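Down below is the structure, laid out as structure tokens.
On a predicted model such as this, the values are computed, not experimentally measured, just so you know. Letters go in sequence order (proteins before strands), and every chain restarts at 1.
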Amino acid sequence: MRVQSLGTCLITKRSTDSVSSLLEVVKSTGATQLFFNHLYDPLSLVRDHRAKQVLTAHGVAVRSFNADLLYEPWDVNDAEGCPFTTFGAFWERCLSMPYDPEAPLLPPKRIISGDVSRCPSDTLVFEDESEKGSNALLARAWSPGWSNADRTLTTFINGPLIEYSKNRRKADSATTSFLSPHLHFGEVSVRKVFHLVRIKQVLWANEGNKAGEESVNLFLKSIGLREYSRYMSFNHPHSLERPLLGHLKFFPWVVDEDYFKAWRQGRTGYPLVDAGMRELWATGWLHDRIRVVVASFFVKVLQLPWRWGMKYFWDTLLDADLESDALGWQYISGTLPDGREFDRIDNPQFEGYKFDPNGEYVRRWLPELARLPTEWIHHPWDAPESLLQAAGIELGSNYPLPIVGINAAKARLQEALSKMWQLEAASRAAIENGTEEGLGDSSESAPIAFPQDIQMEEIREPVGNNPPIPTTIRRYEDQMVPSITSSFLRVEEEETSSDLRNLADESRAEVPRNVNINQEPGQGILNQVITQTIQTNNTLPQINLAMAVGNAEDSTAESSSSSRRERDGGVVPVWSPSSSSYSEQFVGDENGVGASSSYLQRHPQSHQIMNWKRLSQTG
DNA sequence: CTTCCCTTCCG
DNA sequence: GGAAGGGAA
């Protein structure tokens, strides 16, 4: 594959062993240098650390860079040099760092192409015939490629950005940036977004446009959340699949696949939730507010295990992103220090009038409710029978009654919490008496299995032809949310032994298939090895290679000597599972309740924890 | 201009 | 549930 704009070849490889594939490419091309960009999930950290070691040992000059974040996670610390544990403090620090984020780099003028004639390259197929139909539909929300990303960015900055603060609560999506898939797949750099947006902010500030200025702050906050997701992943590698705080360890989740199915199909009886779930299915995209609504409903009203919901998001979202989504679900579930209080249930009816005051969003995605007046659109179950008839609605027939009443959900939540405290107290007692060792491991270490038999192919768009019904049955490929913990624990055991080869590759994250990347190498092809071979050349561009991180030797001293940034060579602190000591205060480690109470002592200000304490006492 | 109350928002 | 901001007194 020839990258025309750069005049050099792109070699693509599928492999179960990235490091040896890289080595093979390096050898067959005679490359002497390797450049890659950092990733921050535990698998990549381990894999890339190894890649750096192995290739360096083979005499290749390896350098790695930050291309995904405004600041490297290890550069953002509090006054004591410790990582932040709440988003607010983290982001405040990011915005007041002594140096600005790197300005975006221009593309290189040219790259001196190496000799790739002896290097075998796999052909990657990004879309086959059977996928075209559903991909065409998904394309309504996203057109891949860096030039589309650029256009999306420009359109947003010159359009909706200035009114972002005013419009951000509207479920109708034309007011958001649509950048998330482009950012995820590396088609636009977050630094470019940051700088262009800041330029606008300065402009508006000079004009005295307060609303515009505030809009930029709010938009940047969502960029900040993305940053924070990587930050959390780096500092708490377990948090991608385990609750960060352990206070819900004994929560009796409702394991009900019918609830789960109703949620997926958008048949919960709550119009805002259902509209969201159908938009998600049809377009692979949801407004952030609506993601919170459906996820919160999932966790608080249905009380299903949040990892199920996270996996469904993973399977359906175009911008599915492990770090961001894990952060989001933990936030919703109240397992972050600054997450939502667990015992508060949001009422979809009220949220409906907040985010969709005129019911337009609901009518668009739930055509069966289209003729219902706005007064009842978010709570049809209260509507007079005559009115329902006139609107052609038969509750329980062509639109469901609420699957769970809000009051019933509140009562059930309280019951579940009492149960949880009982179990917790029992466990504590058992541990203190030494009669039983950590029975608690059952819930966290072995999360409730994802239902195996879900048949997504059978889901059809409900009555009506708006949105269009997909003509192609969607192929359901099980892209499991990668299970990191098990392999990760093995890393802990084996970190010192030399061969980490298998673990990093076996359980690696899958990424969505239908990604068209024929325009430019992007980091988004995260898990296929994509290497661009480059002859010795010091004017090297920061090309987004698909690899990342992990430099053992040169790093710790320098980077912990704080604020000096490393422009070149991508200095990364030594990272290994056992050295990520910050996790100790969280439950990610084996100690569960005990661990989170030591966290409690350190962070008495955390109202979420306070809540938990209060509840524990009253329960 | 201050104070107090009410709404809104909360990563 | 609590801070914080806006509006009324």
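- dC9(B) atom P lies 12 Å from atom CD of E214(A), rounded to whole Å.
- dA8(C) is paired with dT3(B) under the criterion used here, namely a Watson-Crick or G-U wobble arrangement in which both key atom distances are under 3.5 Å.
- Contacts of R291(A) with the nucleic acid, taken as non-hydrogen atoms under 4.0 Å apart, are absent.
- Aromatic ring centroids of W253(A) and F251(A) lie under 6.0 Å apart.
- Separating the CZ atom of R344(A) from the P atom of dG11(B) is a distance of 12 Å, rounded to the nearest angstrom.
- At whole-Å resolution of the value, CG in D288(A) and C1' in dC10(B) are 13 Å apart.
- Here the C1' atom of nucleotide dG11(B) and the CZ atom of R168(A) are 12 Å apart, to the nearest Å.
- Per the geometry, CD belonging to E341(A) stands 11 Å off C1' belonging to dC9(B), to the nearest Å.
- The backbone N or O of G352(A) sits less than 3.5 Å from a side-chain atom of H378(A), completing a donor-acceptor pair.
- The residue from T283(A), D319(A), L318(A) that alone fulfils the side chain to side chain contact (heavy atoms under 4.5 Å, CB included) condition with W142(A) is L318(A).
- Counting non-hydrogen atoms under 4.0 angstrom, G224(A) reaches nothing in the nucleic acid.
- With distances taken from any side-chain atom of R169(A) to the nucleotides dT8(B), dG11(B), dC10(B), the minimum falls on dT8(B).
- Residue R226(A) contributes atom CZ, which lies 19 Å from atom P of dG11(B) at whole-angstrom precision.
- Under the stacking definition used here (centres under 5.5 Å, planes under 30°), the residue Y331(A) qualifies as stacked on the base of dG11(B).
- Whole-Å rounding puts the R340(A) CZ to dG2(C) P distance at 17 Å.
- Between W329(A) and F298(A), the distance separating the two ring centers is shorter than 6.0 angstrom.
- The distance from atom CG of D338(A) to atom P of dG2(C) is 18 Å, rounded to the nearest whole Å.
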